[in-house]
Structures are given as structure tokens and as C-alpha cells.
Protein chains: 2
Amino acid sequence: MITIKDIAKKAGVSITTVSQVLNQKEIGIKKETKERILRIAEELDYKPNYLARGLITKKTNTLGLIIPDITNPFFPQVVRAIEDTGNHRNYNIILCNTDNNQKKEKLYLEMLQKKYVDGIILTSSTRTTEEHGLLLEKLKLPLVLLDRAAASPFDFPSVYTCGYQGVMLGVNYLLKQGHRKIAYLSGPETSLVGKERLEGYMAALQNVGITVNPQLIYYGDYKAETGEKGITELLEKDRNFTAVMAANDLMAVGAMRSIKNRQLKVPEDISVLGFDNIQISRLIDPALTTIHQPSYEMGKMATDMLIRLIEGKKLEKRQVILKPELLIRESVAERKSQPSP
Amino acid sequence: MITIKDIAKKAGVSITTVSQVLNQKEIGIKKETKERILRIAEELDYKPNYLARGLITKKTNTLGLIIPDITNPFFPQVVRAIEDTGNHRNYNIILCNTDNNQKKEKLYLEMLQKKYVDGIILTSSTRTTEEHGLLLEKLKLPLVLLDRAAASPFDFPSVYTCGYQGVMLGVNYLLKQGHRKIAYLSGPETSLVGKERLEGYMAALQNVGITVNPQLIYYGDYKAETGEKGITELLEKDRNFTAVMAANDLMAVGAMRSIKNRQLKVPEDISVLGFDNIQISRLIDPALTTIHQPSYEMGKMATDMLIRLIEGKKLEKRQVILKPELLIRESVAERKSQPSP
DNA sequence: TTGTATGCGTTATCAC
DNA sequence: GTGATAACGCATACAA
């Protein structure tokens, strides 16, 4: 590989001069020598060694990105936004999948630190416990939490969409369409996100004086399969609900399959409402009415925040909470009569 | 940050000894000092600086991964496989999206080179022209082509699934189900992959003595929207086809939507067959019969190959061509009669 | 069994 | 205007 030394030799100048020219820090360098150096660098096809540079400047122009699983259709959009935004500002990203495994997350965090990334965007596997928070603080690295709120004793910068509001939006819409018995396909009881969305469901019902019926709640794991399974179980317990809201689109899609398999129709017999607005949701039939999460914007904002932190600037807001939106498509109908028994 | 110097000082030894212990190269170091060093490193929470190390060893344990767009549902699986495989072997990956933009691809290649990644996996935007091939050769970096064959004058290692065989498999199946007029939603005429698959379609028909009817071919861009548009146009030209094969699942899904919108039924009126087996395909209704591309395996093999190259080992095969498989689900039916006019 | 010295490629400091 | 030289943190040949 060509180094500045090679250029210096060929140009008959010192490496200092070469370095200055190449970094546009020409406090005072003859136009002539400058052009000669530039020309020679071009000729030799010189490529600066970012490792060496980083060793001194303490900057790698690389961001760490830790998510549960890129295979989860919610993430590609987010990741794409982060990569785009980073790329515009001259940052590359290292992608890490944790599978919601705490140990993997910890290993990745350490690795990224060793590689001297300039900052990290983290969709954490676990709720930020005392221990976990301390671990993150110990990193001494700019950090932005994505799709997760920072747990109380800590206040890491974070950007996420309000799940409580989102589900409430959805349930309110179902109520407005005349539905009274509304089932809910929840995420795991243990997950923060799952809990928050569940609370939105309960609050929306209670707001209009409906008592929450635990028989109408099923706890899944955000995958299509548990959506199917959930509907099956719910229908066995109580066939009287006319609508179901899912904590994410994938479960909603599973629910639709399961409903259809029983010769029931969506939305005529049972209305289905999702959450996330992943790509699939508009491609299935009937197209899924859902709560849109601005995932590209989330990724973009998280990256912008992170870069501000890296540059030592202050953040206007440490917690950015984005608003979900109701996206009406075809999977919810007005309740006109009692469902068939 | 803690360095080996700090540890050396605290342990009362030289940095050489510390370095040796930390790198398990203990040609002969007293158990006692070794344990002391290890303990102190632990206490101080020492994290080796990979930049400094890489500067000497010329290894970063980082791989570059260049794809068109992670948002394309074909890629998350592949990327996941690459990340998994890399991670097992202690490599991280830098993700880059080119949007099939040659200029972006070139910029990423240069950047990765400057960052001294150990190797690159590339799903190139362009067919490997003379110029492009030379550019890749000039990198002097281990490189594996993914989902693309190496164009003739060059023979970069590559792994991909045979599209010709895949489409042929699909069309043969349709023929076996009694279909004779089979439409085809192709990729762009300009793309190598698109061309290869199209040739599979034509060959399959010609094999049984059917003349290819250009009126039954539509050139799209692999997106769901062009699948819809394609079907619309095809139906306007000639309503007599009983089956349609798409060059990818997304277009097939679009086709299904379009067919249903015309009050026709899949598969009773028109059978639909896809290609890729992306996640969506099994979630829609009817579930899409498709040609399965082993995407996880592709990613895994590409990574294994790349790491072999990095380690200076010989490759058993430079071109790995994986076999596609027919995956029968619900979107293809036997042709019993002429379709409704 | 351990330490000294050198170099990796760059930027930064300061002298000329 | 330009050039020595130190420093970044680490690995390693060689010396002790």
C-alpha cells in the first residue's frame, strides 16, 4: 500500500507537507507544491489508512448498531435510515444481531468499544435494569437508545414511538366502528414494549367504561405463528369478539390467516388491526389497517442525535417520542350485527 | 482508556510481557506473573485497542458487506447469515446499501479499503464489465460475489442460486399442472439476473414445443407495484393465460392483488408462481407457491469462502451454484378448463 | 523468564 | 512555507 511517505519521497517534500495538503490544512503552502503532491497522490492511487489516522484522532467514522434481528421485518427500514443518515455524514455502520440475548449484546458492546466506534445505537434486548444501565454508562461512548425508552434511574438519549398512544389510537378506532368486544394479541408480558402497548389497550377500553376481560388477551412473541395460535385459543375461550388488535403486524397477519382458516371473513366477521406498518401489511389481502410507526424517521433521528453527541453538541431533547398514526386500509369494518355464533 | 502500558506499570513488568500474556503467546512466563497480569487487566477493565493492533497485524476482523438495499425483503436473511457466520469466526460486518448505484458502490469499496476491512462480500449493482472487473481486481482485497455470477474475463469467487434452473423448475411445474398459456413477469431486461431467469422461462416452454409469445412477457423492476401493473397490462393484451410466473415473490404478490381486484380468483382462475421464498410468501392468502432460494445458506457459504480467502487457504470451488427448489403451497391449481373470458 | 527497541501510518507540535 | 520529531497503542525481533 502507498503511504504518505511514498508520496513525500516522490515529491521531494516531507511527510508533514503531504499530510497537510491531503487534509486541506494548508496554512501556507505553495500552490505549486500543493498541486504536485495532489497529482502524485492521484497517480499512485493513494488511500489513507484510517486505522493509523484513528489511532491519533480517536475517530473512526464508524457507528455500532445493535438490534435484535434484521430478519424481523420491522428493522430493515430502521437500519436503512441509519445507514443512509450515517453515510451522508461520512459514517459507516457495523451491524450486530443479538437475538434478544443479553450475553450477545454485552459481547457486541465490548467488541464495538475495542474497535473504537464513535458511538452506538442500541435497541436493547432487556429493559434497562440497574446492572444493565451501569454497563452502558461504563462504555463512556455516545449512545442512543432506539425503539426503547430509557429506564428511570438513567436517562440515555432515546427515540421511540409511543406504543401506549398507538394502541389507544387503534382501539379507539375500533370502538368508533362500533366494536365492544375487542380481543388483544399482546407481546410478551416481560417486555417493556409489550407492556406499554398492553396498557394502551386497557386504558382505551376503560376510558369508555368497558371492563377489561383477561380472557380476551393472548400473550404472544410478535411472530406470525403466535398470532395464529392466539386466535385459535381466543376463539376457543370466547367466540364473541368482533375485532382483534395485535401488538404488531406480524401477529395480525397470523391472526388473519387463522380467522380465514375457520371460514370466517376479515373484516366482515372479525376486524383485524395491526401495529408497525411493515411492508407486508399493505400487500396482504385484505390490506391490513394498522398503526403506522415512523420507522425510517426513528432511524434518522437516532442517527442525527448520535452524531450530535459525537460532535460534542448538546441535544435539544434527550427523549424523542414519535407519534404513531392510524392507517386505515381494509381489515376493519363497522360492526353492524352480532357475529355469527 | 487503559493501555498495556498501564498494566505493565502496575504489575511491575514490561509491556512485552503483558502483550504476550494477553495474547496467549506465553512461550514461557511464570504462572505467577501471568496470573497477576490477568488479574490487573481485569481490575482495570482493560480493552485492547483494535486500531493499534490492526496497524501492525494488518487485520481488523471486519468484513465489508455491499448490497443494493436491506429493505428488499430478499436481503435480511442473507445479511443475517453473513453476520452470524462472521460473528462465529470473530468478524464484524460493515453494512452498505448501494441502491444499485454504481457510483455509490465505488465509494463504498474505497471506504472499506481505507478502513482496512479484511475482505468484502459484494452483491454488485452492475454486471461485471471490463472496467468494473478491473476496479475490483485493483482492490487487492479478498472478495466474494453474492447472488451474482462473475462475468467472463474475471473469475471472482461467487455464490448464487441458479435462476435459469429455478424458473425452469417453476414453469415445468405449471406445465405439469396442465397450463399452456403461461405469462411471465420478468425483471429488467438489463439485469443479468433478470435475463438468466427469463431464459429459464423461454427454455422450459420451448422444451415442450411451445412458442414463446412476447405478448405474455412483462418487464418489471422486482417491486410489488410493477407486479400489479404488469398483470393489468398483460390482461389487456391477452386474457387467455391461465398461469403467471414472476421473477420474484414481490411481483408475484403484486400480481395476486391485481388479479383479485379484477374479481378473478387465485388459483382457480389464474395460478401464480413466485421466486425467492421471502417471508411474505407464506403469510399471504393463498400462500404463494414459489421457487425457494436458499438465502441463508448463500450468505453462510459466501462468508465461509471469504474467510478462507482471508486466511490464505485455497477454495475448493470458486463458483458455488446452489440449487433452487420448488415449494408447493396454495397459489397454483390444475388447469381444468378454459378460464372465464 | 523478561525487557529494550523498533515500526505500523498517521497527525500534531514546534522549530527553522 | 516547510521539515524534524514525537506520539497514538500495540506486536515482535532480539537482547539480556
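Order of the sequence lines fixes the chain letters, A, B, ..., with proteins taken first and strands second; residue numbering starts at 1 for each chain.
- Atom-to-atom, NZ of Lys59(A) to P of dA12(C) comes out at 13 Å; the value is rounded to the nearest Å.
- Under the side chain to side chain contact (heavy atoms under 4.5 Å, CB included) criterion, Leu134(A) pairs with Glu130(A), Glu137(A), Phe154(A), sequence neighbours left out.
- For Leu44(A) and dG9(C), the CG to C1' distance is 15 Å, given to the nearest whole Å.
- Between Thr33(A) and dT2(D) there is a side-chain polar atom (N or O) within less than 4.0 angstrom of OP1 or OP2.
- Thr123(B) is linked by a side chain to side chain donor-acceptor pair (under 3.5 Å) to nothing, counting only residues two or more places apart in sequence or in another chain.
- Between the axis at the start and the axis at the end of the helix from dT1(C)-dA16(D) to dC16(C)-dG1(D) there is an angle of 40°, using five pairs per end and rounding to 10 degrees.
- Thr161(B) pairs by the side chain to side chain contact (heavy atoms under 4.5 Å, CB included) definition with Gln293(B), Pro294(B), Met298(B), Leu322(B), Pro324(B), not counting sequence neighbours.
- The side chain to side chain contact (heavy atoms under 4.5 Å, CB included) search around Thr62(B) returns Lys115(A), Thr60(B), Ile94(B), Val117(B), not counting sequence neighbours.
- Not counting sequence neighbours, Thr57(B) has no partner by the side chain to side chain donor-acceptor pair (under 3.5 Å) test.
- Residue pairs meeting the salt bridge (charged side-chain N to carboxylate O under 4.0 Å, His left out) criterion with at least one member in residues 146-158 of chain B, sequence neighbours excluded: Asp155(B)-Arg318(B).
- Applying the side chain to side chain donor-acceptor pair (under 3.5 Å) test to Glu35(B) and every residue at least two apart in sequence or in another chain returns nothing.
- Using a cutoff of 4.0 Å between basic side-chain nitrogens and carboxylate oxygens, Lys30(B) and Glu32(B) are not scored as salt-bridged.
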Open item on the list: For nucleotides 8-16 of chain D, give me one character per nucleotide, 5' to 3': B if any protein heavy atom sits under 4.0 Å from the base, S if the only such contacts are to the sugar-phosphate, - if neither.
Closed with: BBBBBB---

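- A straight line from CD1 of Ile7(A) to C1' of dT10(C) spans 12 Å, rounded to a whole angstrom.
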